[in-house]
Amino acid sequence: MSEDILDPHATRETVTVPLSSAERQRETALRERFARFWGEATGQPRAIYDAFVAGSPLAEGVTVDAVDHDGCRGWWVRPDNAETDRAILFLHGGGYVQGTAAAYRGFVSQLVSRAGLAALAIDYPLAPEATLPAAPNAALAAWDWLVGQGFDRIAVVGDSAGGGLTLVTLARLARRDEGPAPVAGVVFSPWTDLTLSGPSMRDPAVQDPLIGREYLQDCARQYVGARDARDPLASPLLSDLRGLPPLLIQVGTDERLLDDATRYAARAAEAGVPVRLEVWEGLHHVFQLDVAHLDSSRRALDRAAAFLRHAFAS
């Protein structure tokens with residue numbers, strides 16, 4: 001599949017990416033690795049999660065620098081060929097209860113090295129210590145910090161809960177009357193519905209090797225706090241989606257959040273948003289992390305980078 005079909009301004013487009021028999025074998029072996037890792041891991045859950053995510057290697061030609069200014073904390077992840085006036089705001093996953101920008105540096109480096117763009121991966125307040133609207137407000141503050149640093153061409157990217165937070169942030173920015181508009185949004189396996197109403201949440205045919213409905217239910221309860229899970233700040237699926245920038249959504253078929261992605265893509269298209277949905281057969285939640293093991297992970301990141309390059313060139 002060539003990059004020239006990755007038009008960020010096309011109307012709704014859905015692509016199903018098949019899994020080859022050789023790649024299926026690699027996926028099976030990787031799931032066995034997952035089972036061993038989670039079965040043998042000891043320590044605090046947040047540290048274990050960070051160790052899992054940090055398995056994505058740092059790409060060559062990328063530097064990382066800590067940021068802690070004006071309430072914005074995280075890491076710059078910069079390829080050597082990065083544009084100076086363009087940036088990605090990256091929002092990490094972890095169910096809103098775990099995850100750090102530091103753990104995600106390798107994964108972010110894999111994307112930015114392909115896209116030729118610098119990314120600011122931020123730390124935002126986690127539940128249960130902080131509840132809504134702390135994380136969305138932190139994401140918006142990081143956007144404003146980037147604008148204050150002179151960046152006026154910015155895309156927002158995130159995975160899982162960070163993908164949901166990405167879509168919340170884009171919806172909030174769409175309601176603003178001033179300042180630069182987002183260039184694009186890219187989300188990997190986004191969590192868009194904290195009410196957990198998607199059919200894939202209970203479908204026995206979905207064999208998600210990483211997350212279950214009970215885990216998501218507990219994360220949602222901690223994150224929402226005194227608010228309702230139907231609040232658009234929690235569930236971007238229930239937001240006003242008009243005015244969003246071009247979106248790329250990638251999701252695997254073997255994950256509880258499959259319908260979070262497909263339903264959001266349908267609603268975005270109905271709202272007039274250019275949206276490209278890629279459904280990758282037989283793959284697990286945020287499979288893009290596994291660049292060291294799966295050709296599909298590398299291809300998906302290639303396509304995401306191509307989408308971003310097209311969006312910034314438009």
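Small disclaimer: the values here were computed from a predicted structure and weren't measured.
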Reported NE2-to-CG distance for the pair His284 and Asp208, which is rounded to 0.5 angstrom: 9.0 Å
Leu120 side chain near Cys72 side chain, heavy-atom distance below 4.5 Å: yes
Min side-chain heavy-atom separation Leu257-Val251 under 4.5 Å: no
Distance, nearest 0.5 Å, that separates CD1 of Ile154 from CG of Asp85: 10.5 Å
Sub-4.5 Å side-chain heavy-atom contact between Pro246 and Phe307: yes
Shortest non-hydrogen separation from Arg309 to Ala115 and the atoms involved: CG-O, 3.6 Å
Exam field: side chain Arg153 to backbone Phe312, donor-acceptor pair closer than 3.5 Å: yes
Minimum side-chain heavy-atom gap Asp240-Arg175 below 4.5 Å: yes
Criterion side chain to side chain contact (heavy atoms under 4.5 Å, CB included) on Thr262 and Ser200, from CA distance to verdict: CA-CA 10 Å; Thr262 59; Ser200 58; over 6 Å; no
Check: Arg267 side chain, Tyr264 main-chain N or O, donor-acceptor pair, under 3.5 Å: no
Identified side chain to side chain contact (heavy atoms under 4.5 Å, CB included) partner of Ser235 from the options Asp260, Thr192, Leu167, Asp193: Asp193
Minimum heavy-atom distance Ala101-Ala121, with the two atoms named: CB-O, 3.3 Å
Val206, Leu216, Asp259 screened by side chain to side chain contact (heavy atoms under 4.5 Å, CB included) with Met201, the one that passes: Leu216
Closest approach of Val186 to Thr166 (non-hydrogen atoms, all atoms of both residues): O-CG2, 4.4 Å
Student check: side-chain heavy atoms of Glu278 and Leu248 closer than 4.5 Å: yes
Side chain Arg298, main chain Val291, donor-acceptor under 3.5 Å: yes
Note, Glu214 side chain near Asp218 side chain (heavy atom, < 4.5 Å): no
Polar side-chain atom of Ser314 near backbone of His310 as donor-acceptor pair, under 3.5 Å: yes
Min side-chain heavy-atom separation Trp191-Tyr223 under 4.5 Å: no
Enclosure of Arg213 CZ (heavy-atom neighbours >12, cutoff 6.0 Å): yes
Non-hydrogen side-chain atoms of Trp38 and Ile48 separated by less than 4.5 Å: yes
Worked verdict on Asp50 versus Arg46 for side chain to side chain contact (heavy atoms under 4.5 Å, CB included): CA-CA 6 Å; Asp50 277 1; Arg46 285 177 174 170; 5.8 Å; no
Any donor-acceptor N/O pair, Ser189 side chain to Val286 backbone, under 3.5 Å: yes
Expected list for residues 88-98: side-chain donor-acceptor pairs under 3.5 angstrom, two or more places apart:
{"residue": "His92", "atom": "NE2", "partner": "Gly99", "partner atom": "O", "Å": "3.4"}
{"residue": "Tyr96", "atom": "OH", "partner": "Ala161", "partner atom": "O", "Å": "3.0"}
{"residue": "Tyr96", "atom": "OH", "partner": "Leu165", "partner atom": "N", "Å": "3.3"}
{"residue": "Gln98", "atom": "NE2", "partner": "Tyr215", "partner atom": "OH", "Å": "3.1"}

Short side-chain to backbone donor-acceptor contact, Arg299 and Asp295, under 3.5 Å: no
Closest non-hydrogen atom pair between Trp143 and Ala181, with its separation: CH2-C, 4.2 Å
Arg227 atom CZ, neighbour heavy-atom count above 12 within 6.0 Å: yes
Working for salt bridge (charged side-chain N to carboxylate O under 4.0 Å, His left out), residues Arg31 and Asp254: CA-CA 12 Å; Arg31 294 185 187 209; Asp254 276 11; 2.9 Å; yes
For the student: nearest non-hydrogen atoms of Leu58 and Val64, plus distance: CD1-CG1, 4.0 Å
Cationic N near anionic O, under 4.0 Å, Arg33 to Asp290: no
Ile122 and Trp145: CA distance, side-chain angles, deciding distance, side chain to side chain contact (heavy atoms under 4.5 Å, CB included) verdict: CA-CA 11 Å; Ile122 69 161; Trp145 186 83; over 6 Å; no
Arg26 bridged to Glu23 by N-O distance under 4.0 Å: yes
Donor-acceptor contact below 3.5 Å, side chain Arg256 vs main chain His285: no
Test log, rule side chain to side chain contact (heavy atoms under 4.5 Å, CB included), inputs Gln110 and Gln288: CA-CA 9 Å; Gln110 295 293 333; Gln288 296 86 348; over 6 Å; no
Side-chain (Thr16) to main-chain (Val279) donor-acceptor, under 3.5 angstrom: no
Atom of Ala118, atom of Trp76 and distance for their closest heavy-atom approach: CB-CZ3, 3.9 Å
Residues, nucleotides or ligands: over 12 heavy atoms within 6.0 Å of Gln44 CD: no
Donor-acceptor under 3.5 Å (Arg176 side chain, Arg172 main chain): no
Pairwise distance CG(Asn81) to CG(Leu117) - rounded to 0.5 angstrom: 8.5 Å
Proximity of Tyr104 and Trp75 rings by center, below 6.0 Å: no
Gap between atom OG1 of Thr63 and atom CZ of Arg105 - 0.5 Å precision: 11.5 Å
